[in-house]
Amino acid sequence: MPVIMNGKDLHSSWRGFLSKYVWIFLLPISVLIYGSHSILLNLCKDERGKIVFNSAAVVLLTELTKLLISLALWLSDLSSGKDGGKSARMLPFTSCWMFAIPALLYAINNNLVVFIQEFMDPASFQILCNLKIVSTAVLYRIFLKNRLSFKQWLAIGLLLAGSVSNGLAGITSSGRSRSLSEIYVTIPGLLLILIYCSISGMSGIYTEYILKKYKQVSLHQQNVFLYLFGLVFNSMGYIMTSPGSSDGSVGGFFTGFSTWTVVVILTQSLNGMIMGFLFKHGNNIMRLFTISASMLVTTVFSVIIFSLQLNVFFYMALLSVLFALWLYYKK
């Protein structure tokens, strides 16, 4: 005799199915967005090869989009009560400031990633972004007391060697080039990527820490505070970096925007929501998986869109990084 489920049981069964298989849907989407980010930023360049929009304006609109989405989801949960009352549990007022720290770090890095595109090709950028694994693993060990095996430390060493060798090869082989059809990395770009990856490791660890510290509070409510602070910091950044012209007038907020800029804002907003879910219900290792897998997406897109010519140094670095990642995640 077939079992007929009532509405409540059916809803619980559906939520259980989603929680079990949600990673299958979220991770590939995040990999695709992460891998295409530097590609989209380079598509925003003008005929001189320069990104002409104010990065703070783009990041500001991205934070505003994420804030509005999070606020809408939080209010929806409050009205429906489907999250077991988590939405009604308010974050302690004295703890709200904790979200200002990762918001500031994200504001710096989200603007920095735009600036870095001037100093290297997208494929090299994504290869070097794997240095985030090094910074995150070290910080995990120091602050969260997460123990790594000898095999994982060996993998981190290989990852570091592969990423740095690709950077040095890019400098020596075509460091004076600015063509997106060639592998190139400049010395300022290499220094900036080290800063970028260090900040990324700190922001990722801290975000995971505070999201899990207040597990009883809705993720959407936590996101509201995170993106609210992000809105404040990026507003300050926009005010300080607003372009001025020779006649003393100030360039418009949307100066340099294009269709690709809108795509950047929408995709980064979606990825921000996914990352929040991964931090809350997963860990930084899942985030690092998306970073490592996305380098293949970036490379494929660079070859197809920009006719990127891959050199032997890039292939060696790619194989080294892939082997290091396999060793790191291997049980």
Side-chain angles (χ1 to χ4, degrees), residues 22-23 25-41 44 53 55-77 91 98-114 116 126 129 132 136 196-197 199-212 214 217-235 237-238 260-291 293-294 297:
V22 69
W23 310 109
F25 301 102
L26 291 185
L27 287 178
I29 294 173
S30 185
V31 167
L32 181 62
I33 293 175
Y34 203 97
S36 62
H37 185 41
S38 58
I39 299 293
L40 292 172
L41 288 175
C44 293
F53 61 74
S55 62
V58 172
V59 179
L60 179 59
L61 287 178
T62 303
E63 294 299 297
L64 178 60
T65 303
K66 290 187 288 187
L67 174 61
L68 294 175
I69 294 173
S70 299
L71 190 58
L73 291 172
W74 182 26
L75 293 176
S76 175
D77 284 347
L91 187 72
M98 297 179 68
F99 288 90
I101 298 174
L104 176 60
L105 295 175
Y106 286 129
I108 295 171
N109 253 19
N110 290 336
N111 285 277
L112 188 58
V113 70
V114 178
I116 291 175
Q126 208 62 50
C129 272
K132 289 181 181 182
T136 302
Y196 171 76
C197 290
I199 294 176
S200 178
M202 289 187 287
S203 59
I205 293 292
Y206 191 81
T207 302
E208 180 182 340
Y209 168 73
I210 57 175
L211 289 180
K212 290 182 175 178
Y214 299 102
V217 178
S218 164
L219 170 63
H220 304 314
Q221 181 188 160
Q222 292 173 308
N223 279 340
V224 166
F225 287 107
L226 177 63
Y227 300 140
L228 190 59
F229 279 115
L231 202 63
V232 171
F233 289 128
N234 282 288
S235 296
Y238 174 74
W260 292 117
T261 314
V262 177
V263 175
V264 169
I265 293 170
L266 295 177
T267 53
Q268 288 308 296
S269 298
L270 175 59
N271 205 36
M273 305 303 296
I274 294 175
M275 284 295 111
F277 184 87
L278 293 179
F279 284 140
K280 180 80 169 182
H281 302 288
N283 53 45
N284 265 276
I285 300 302
M286 289 184 175
R287 180 180 72 105
L288 296 178
F289 172 81
T290 65
I291 294 170
S294 64
V297 175

To check you understand the geometry: which heavy-atom pair defines the closest contact between [X] and [Y], and what is its length?
X      : Y      : answer
Gln222 : Ile210 : NE2-O, 3.6 Å
Ala56  : Asn111 : N-OD1, 3.0 Å
Gly272 : Tyr227 : O-OH, 3.3 Å
Val264 : Cys44  : CG2-SG, 4.3 Å
Val113 : Leu41  : O-CD1, 4.1 Å

Quick check: do [X] and [Y] have side-chain heavy atoms less than 4.5 Å from each other?
X      : Y      : value
Leu211 : Phe277 : no
Phe53  : Val114 : yes
Tyr34  : Met275 : no
Ser36  : Thr267 : no

Side chain Asn109, main chain Tyr196, donor-acceptor under 3.5 Å:
yes

Looking at Thr65 and Leu61, would you say the former's side chain and the latter's main chain have a donor-acceptor pair under 3.5 Å?
yes

At what distance, to the nearest 0.5 angstrom, does [atom1] of [X] lie from [atom2] of [Y]?
X      : Y      : atom1 : atom2 : result
Leu32  : Leu27  : CG    : CG    : 12.5 Å
His220 : Phe225 : NE2   : CZ    : 14.5 Å
Ile274 : Ile33  : CD1   : CD1   : 5.0 Å
Leu112 : Ile199 : CG    : CD1   : 6.5 Å
Leu73  : Asn223 : CG    : CG    : 9.0 Å
Leu231 : Leu67  : CG    : CG    : 6.0 Å

What orientation do Phe229 and Phe233 show, parallel under 30°, tilted 30 to 60°, or perpendicular over 60°?
parallel

Worked verdict on Leu105 versus Tyr206 for side-chain contact (heavy atoms from CB on, under 4.5 Å)
CA-CA 10 Å; Leu105 295 175; Tyr206 191 81; 5.5 Å; no

Residues 60-75 vs salt bridge (Lys or Arg N to Asp or Glu O under 4.0 Å), sequence neighbours excluded, gives Glu63-Lys66

